[in-house]
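Just below is one structure, and these are the notes that go with it.
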Amino acid sequence: MELKKGYFITFEGADGCGKTTQIELLNNFLNQKGIETLMTLEPGATDLGKNLRQILLHYEKPVSDEAEMFMYLADRAQHAQMIIKPALDEKKVVLCDRYIDSTVAYQGYGRDGNIEQINILNKIATKGLKSDLTLLFDVESEIAQNRLGKTKDRLESQGMEFHKKVRNGYLELAKQNPQRIKVINANRTIDEVFLNVKNVIGEFLNI
Ligand code: TMP
């Protein structure tokens, strides 16, 4: 089934919200319907990004907030221009695990960064490429943290206060962008959440 144009759908939420499972389920579902997709992620979809991901998640020495932010932005610039934009030009449905809202939620709300500046830098990194639809998987921070395994990466092992700020930041973003961001209650079974995802996507893509 060829679509009239490409669609850019992003998946957001705190660590442990279950979005990665849902993106995989949705990718299979759309492919079964004959819709061409590109399933991708940030950070780490490009070769350059894989190197940045390794540093971002596993570097053991202190990382300044700005260095962290610029690495996420560098990953995004490479990803948006080399992978996402070409796939959209080929009329694919791009399913992206994290995008610009992650930087606003984590480096902005989570680390008390300057959100106005982050918005400008996101725009520069992506050359203005925005998602058409964003699914925000929302779950209480305690539940999300319990879902994570014992070995946590650099970001996952920030304290509970950080994760609560990230969650509230996401909810604030959803409030500010009700048309683009759809909040999904992720404190349910995988099947229940996926039913919700299918309804939102079905309506959005008209399928
Ligand atoms: P992942 O585990 O969902 O792949 O994401 C990697 C981690 O990076 C996750 O803890 C969220 C964090 N992150 C940011 O802090 N800022 C960003 O811009 C992105 C894309 C991810």
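The chain is numbered in sequence order, starting from 1. Order of listing sets the numbers, starting from 1, for every ligand and every atom in it. The analysis underlying the following values was restricted to heavy atoms, covering all of them including side chains, and did not include hydrogens, waters or symmetry mates.
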List, one per line, each side-chain donor-acceptor pair under 3.5 Å for residues 43-56, sequence neighbours excluded.
| unit_1 | atom_1 | unit_2 | atom_2 | d |
| --- | --- | --- | --- | --- |
| Thr46 | OG1 | Gly49 | N | 2.8 |
| Asn51 | ND2 | Asp47 | O | 3.1 |
| Arg53 | NH1 | Pro43 | O | 2.8 |

Check residues 191-207 and write down every donor-acceptor pair under 3.5 Å in which the side-chain atom is one partner and the other belongs to a residue at least two apart or another chain.
| unit_1 | atom_1 | unit_2 | atom_2 | d |
| --- | --- | --- | --- | --- |
| Glu192 | OE1 | Thr189 | N | 3.1 |
| Glu192 | OE1 | Thr189 | OG1 | 3.3 |
| Asn196 | OD1 | Arg188 | NH2 | 2.7 |
| Asn199 | ND2 | Leu195 | O | 3.4 |

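Using modelled atom types, one side-chain atom of Glu12 and one backbone atom of Tyr99 make a donor-acceptor pair closer than 3.5 Å. Under the 3.5 Å distance criterion, the side-chain polar atoms of Lys19 are left unmatched by any main-chain donor or acceptor of Asp15.
Under the 30°/60° scheme for interplanar angles, the aromatic rings of Phe137 and Phe11 are found to lie parallel.
Around ligand 1, the residues contributing at least one heavy atom under 4.0 Å from the ligand are Asp15, Lys19, Glu42, Pro43, Arg53, Leu57, Tyr72, Arg76, Arg98, Ser102, Thr103, Tyr106, Gln107, Leu155.
Within the structure, the ring pair (Phe, Tyr, Trp, His ring centres under 6.0 Å) test picks out no pair touching residues 49-68 (sequence neighbours left out).
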